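The structure displayed is predicted, hence computed values, not measured ones. Residue numbering restarts at 1 for every chain, and letters A, B, ... go by the order of the sequence lines.
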Amino acid sequence: MSNITFPFKRYTITSALPYANGPLHIGHLAGAYIPGDIYVRFLRLNAKDVVYVCGSDEHGAAITIKAKKEGTTPQAIIDKYHAQIKESFEQFGISFDIYHRTSEKIHHELSQEFFLNLYEKGEFIEQVTEQYYDEEFHQFLADRYITGTCPNCKSEGAYGDQCEKCGTSLNPTDLINPISTLSGKPPVLRETKHWYLPLDKYQPWLEKWLLEGKKDVLKPNVYGQCRSWLKSGLQPRSMTRDLDWGVDVPLEEAKGKKLYVWLDAPIGYISATKQWALDTGNDWEKYWKKQPDAADDACLIHFIGKDNIVFHCITFPSILHAHGEYILPENVPANEFLNLEGDKLSTSRNHAVWLHEYLNEFPGKQDELRYVLTSILPETSDSEFTWRDFQARVNNELVAIFGNFVNRVLVLSHKYFDGKVMPVNHLTDTDRLIFSELERYPKHIAGSITQFRFREALAQFMNVARLGNKYLADSEPWKLIKTDEERVKTVLNVSLQLAANLAIMAQPFLPRTAQRMFDMLNFSAHGWQDAGSNTLLPAGHQLGEAQLLFEKITDEQVNAQLAKLSQAKEANANITKDVPEAKNNIVFEDFVKMDIRAGKILAAEKVAKTKKLLKLTIDTGLDERTVVSGIAEFFSPEEIVGRQVSILVNLEPREIKGILSQGMILMVEDADGRLDFVAPQTTVQTGSVIR
RNA sequence: UGCGGGGUGGAGCAGUUGGUAGCUCGUCGGGCUCAUAACCCGAAGGUCACUGGUUCGAGUCCAGUCCCCGCUACCA
């Protein structure tokens with residue numbers, strides 16, 4: 001039997017709130033939900049007092065923008081995706097005690113309570129700044145919704161935060177002739193007041209609590225991120241925004257302003273718990289607030305992806321700390337990112353495996369995806385999902401090792417003993433060895449799970465099935481049945497005990513499969529304390545019918561998925577983006593000022609430590625000169641040497657990364673940002689004038 | 001450029017406090033036939049990115065270099 005010690009009486013577990021402006025994909029599942037669910041199911045199997053909460057994050061500008069684009073309301077958007085996301089979670093067995101939503105009244109009230117608590121304590125810094133305001137739409141504009149002329153390169157269409165042409169990062173007020181993308185009219189500057197949380201003030205406390213207290217608790221990737229942030233010094237963060245979709249700031253003077261995400265989304269964890277407590281007659285404060293005796297405090301754990309580390313390790317704890325009555329997270333086991341077939345998952349480019357589509361295309365195979373994702377969780381570094389790997393893991397591991405063992409045992413039992421568990425006659429040394437090995441697994445697996453090493457835990461679990469297959473191969477009951485039926489009874493009894501153990505230990509990882517096994521073994525669900533026992537199934541127990549737990553993934557299924565991804569890629573390439581607006585007319589004299597020539601690339605090399613820059617040596621017909629060009633992402637130095645190009649030769653030279661660039665290569669940029677050379681169709685004499 | 005993470009047999013990864021380098025898949029050979037051509041055994045395959053250093057001993061600690069990923073900068 002396993003004796004695992006749990007230092008806490010109570011557990012509050014959260015998984016990141018998904019943003020309700022789109023469906024979920026496998027990256028979400030692998031980042032925050034599968035790890036959280038395995039952990040929670042494991043705690044429950046150990047009869048721990050645990051609440052697992054999550055919900056949709058339903059506020060913010062992105063949702064209003066999406067609504068506008070689709071000609072609908074924010075409410076319709078969040079209703080649609082909240083329902084879809086909730087359904088996906090249910091289907092994959094992510095066992096939240098409650099899946100709530102931040103648009104609920106109880107959440108608005110609690111967020112406002114938090115704000116007022118901090119406000120009345122005088123925690124906030126109030127600051128008035130000038131922001132652009134759209135008079136027609138009666139709202140302040142987010143940086144990205146203002147465009148204008150870049151003060152640096154003079155190109156038009158620069159955004160309020162950055163000019164995409166020259167890369168300079170900007171403030172909206174830097175733009176020349178700013179235009180609101182909402183109304184198409186120039187915005188006006190207007191003063192607005194906001195409430196800032198002085199993170200700098202909490203820095204000493206954070207350094208103590210986090211850098212000292214969590215050094216050996218947090219994973220290296222999480223700890224490193226936080227240390228990096230603290231090292232560069234924290235700045236006050238605005239807790240309010242001029243938005244029109246969110247929780248109202250509960251102050252008379254802040255009419256029309258909303259709480260920003262920091263004081264909205266994470267409070268969702270708490271409001272969800274509150275609602276759960278109301279529904280079930282529990283006391284939510286026991287899960288979130290400091291108890292009179294600190295030994296009674298709950299253990300708070302946030303499961304998130306790496307994009308959320310700073311938010312959960314610095315901002316939210318600071319808020320909880322400033323409030324004072326709340327417990328702080330014990331750990332934040334953030335995962336890195338999951339890639340798909342060599343590329344980043346991308347919602348906008350539709351490079352993803354969507355959960356709602358998977359459910360349609362692989363009905364009943366939720367545990368297969370859970371298994372594969374668990375075995376490749378990006379726990380220490382980014383990892384990769386490929387459909388070939390998915391197929392290999394399902395076929396070679398789930399089907400061949402696990403499913404096959406269970407099937408063998410049941411088929412043999414039905415064949416020889418009508419599906420009855422036979423008594424053990426005499427245990428050989430081999431049998432005892434099997435039992436003693438079996439006994440070790442629950443502890444190993446528990447140790448891995450409590451350390452958030454879920455891949456390792458799952459691999460250990462599979463070793464139990466391997467142990468069973470080896471035992472059968474070594475014992476050869478199909479041969480023994482002809483000579484020694486008594487021995488076969490014992491062998492099958494031992495094998496069945498292994499299978500029953502597999503059912504128990506599968507529960508955190510493969511909940512549907514575990515249930516099917518319980519049904520098949522005609523055996524009720526058991527807690528973790530029973531794992532490791534070799535007397536789970538008593539002699540005379542009647543087993544159910546044998547069914548296959550898993551079936552193979554075919555090449556056709558894999559190919560169909562691969563085809564789907566490349567179709568998405570193609571469709572993507574064909575999207576016609578908005579063609580930039582025409583610039584103002586210029587006179588012919590302006591045009592002829594430009595001296596453009598046909599040149600030839602004599603040499604090319606990557607500029608060290610840059611991503612985009614190539615240093616080119618160009619024969620212009622007039623001279624040989626150096627040009628630095630931002631094309632390294634699309635062209636390797638080798639492939640372009642000798643190539644004919646168009647070069648603007650009388651452009652004022654400029655130093656880039658310490659290299660003097662004399663001129664500019666003419667490139668054309670297509671919709672997805674790909675560059676290509678603009679050059680004569682046939683080889684012309686180097687130095688020929690282009691006009 | 002700054003910060004963080006990572007670089008381990010063909011592929012994907014483990015290696016906790018320094019003490020003979022492991023796992024899964026793949027490959028090759030063998031065994032078995034109860035089982036979804038599934039299972040079991042064995043073998044080949046690694047100068048643990050590189051260079052120095054600490055140490056009796058380093059994948060593991062220290063310093064430096066290179067490469068990959070994320071955020072950041074560089075596109076004249």
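- In this entry the distance linking CZ of F385(A) with P of rC25(B) reads 18 Å, nearest Å.
- Between I401(A) and R466(A), the closest side-chain pair of non-hydrogen atoms falls below 4.5 Å.
- Following rounding to the nearest Å, L377(A) (CG) and rG5(B) (P) show an atom-to-atom distance of 21 Å.
- Side-chain contact between F405(A) and L467(A) is absent, with no heavy atoms from C-beta onward closer than 4.5 Å.
- Nucleotides rG59(B) and rU17(B) are separated by 15 Å at their P atoms, to the nearest Å.
- Nearest-nucleotide positions on RNA chain B place Y223(A) closer to the 5' end than the other of Y223(A) and L412(A).
- Between R455(A) and rG15(B), a side-chain N or O to OP1/OP2 separation shorter than 4.0 Å is absent.
- Looking at heavy-atom distances under 4.0 Å, E397(A) makes contact with sugar-phosphate atoms alone, never a base.
- Under the 30°/60° scheme for interplanar angles, the aromatic rings of F390(A) and W387(A) are found to stand perpendicular.
- Comparing rC34(B), rA14(B), rU33(B) by their closest approach to the side chain of E456(A) singles out rA14(B).
- The P atoms of rC68(B) and rC61(B) are separated by 23 Å, rounded to the nearest whole Å.
- For the pair Y416(A) OH and rC34(B) C1', the computed distance is 5 Å after rounding to whole Å.
- Spacing of P atoms, rC50(B) relative to rA58(B), comes out at 15 Å, to the nearest Å.
- Here rG26(B) presents its C1' atom at 14 Å from CD of Q391(A), a figure rounded to the nearest Å.
- Residues N335(A) and F303(A) are not in side-chain contact: their nearest non-hydrogen atoms beyond the backbone lie 4.5 Å or more apart.
- With C1' as the reference atom, rU33(B) and rA37(B) are 11 Å apart, rounded to whole Å.
- For the C1' atoms, the distance linking rC69(B) with rC62(B) amounts to 25 Å, nearest Å.
- In the displayed structure, E330(A) atom CD is contacted under 6.0 Å by more than 12 heavy atoms of other residues, nucleotides or ligands.
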Next on the checklist: Between Y471(A) and V409(A), is the side chain to side chain contact (heavy atoms under 4.5 Å, CB included) condition met? List the steps.
Outcome noted: CA-CA 11 Å; Y471(A) 177 68; V409(A) 178; over 6 Å; no
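- Classified by interplanar angle (parallel below 30°, tilted 30° to 60°, perpendicular above 60°), the ring pair F402(A)/F550(A) is tilted.
- Between the CG atom of L458(A) and the C1' atom of rC23(B) there is a distance of 13 Å, rounded to whole Å.
- Nucleotides rU72(B) and rG19(B), compared at atom C1', are 42 Å apart to the nearest Å.
- One atom, NZ of K415(A), and another, P of rA35(B), lie 4 Å apart when rounded to the nearest Å.
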Quick one: which protein N/O atoms are closer than 3.5 Å to N/O atoms of nucleotides 36-45 of chain B? Pair and distance per line, please.
from	atom 1	to	atom 2	distance (Å)
rU36(B)	N3	F550(A)	O	2.6
rU36(B)	O4	F550(A)	N	3.3
rU36(B)	O4	F550(A)	O	2.5
rA38(B)	OP1	K552(A)	NZ	2.8
rA38(B)	O2'	A400(A)	O	3.3
rA38(B)	O2'	N404(A)	ND2	2.8
rC39(B)	O2'	R408(A)	NH1	2.8

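- Secondary structure note: stems in RNA chain B built from 3 or more consecutive Watson-Crick or G-U wobble pairs under 3.5 Å occupy B:2-7 with B:66-71, B:10-13 with B:22-25, B:27-31 with B:39-43, B:49-53 with B:61-65.
- When the shell of 6.0 Å around NZ of K600(A) is examined, it contains 12 or fewer heavy atoms from other residues, nucleotides or ligands.
- Under 3.5 Å, the side chains of Q557(A) and Q561(A) contain no donor-acceptor pair of N or O atoms.
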Restricting both atoms to N or O, compile the protein contacts to nucleotides 6-8 of chain B shorter than 3.5 Å, with distance only.
none

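- Annotation: D623(A), atom CG; neighbour count of heavy atoms from other residues, nucleotides and ligands within 6.0 Å is above 12.
- Remark: D590(A) engages K593(A) in a salt bridge, criterion side-chain N to carboxylate O under 4.0 Å.
- To the nearest angstrom, C1' of rC34(B) lies 13 Å from CG of L496(A).
- As a whole-Å value, the separation of L472(A) CG from rC32(B) C1' is 12 Å.
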Next on the checklist: One pair to check against side chain to side chain contact (heavy atoms under 4.5 Å, CB included): E368(A) and L373(A). What are the steps and the verdict?
Outcome noted: CA-CA 9 Å; E368(A) 281 84 336; L373(A) 289 178; over 6 Å; no
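- The C1' atoms of rA44(B) and rC25(B) are separated by 16 Å, rounded to the nearest whole Å.
- Only the C1' atoms considered, rU65(B) is 34 Å distant from rG26(B), to the nearest whole Å.
- Here the NE2 atom belonging to H302(A) is positioned 5.5 Å from the NE2 atom belonging to H312(A), to the nearest 0.5 angstrom.
- Nearest-nucleotide mapping onto RNA chain B: of K479(A) and R453(A), the residue sitting toward the 5' end is R453(A).
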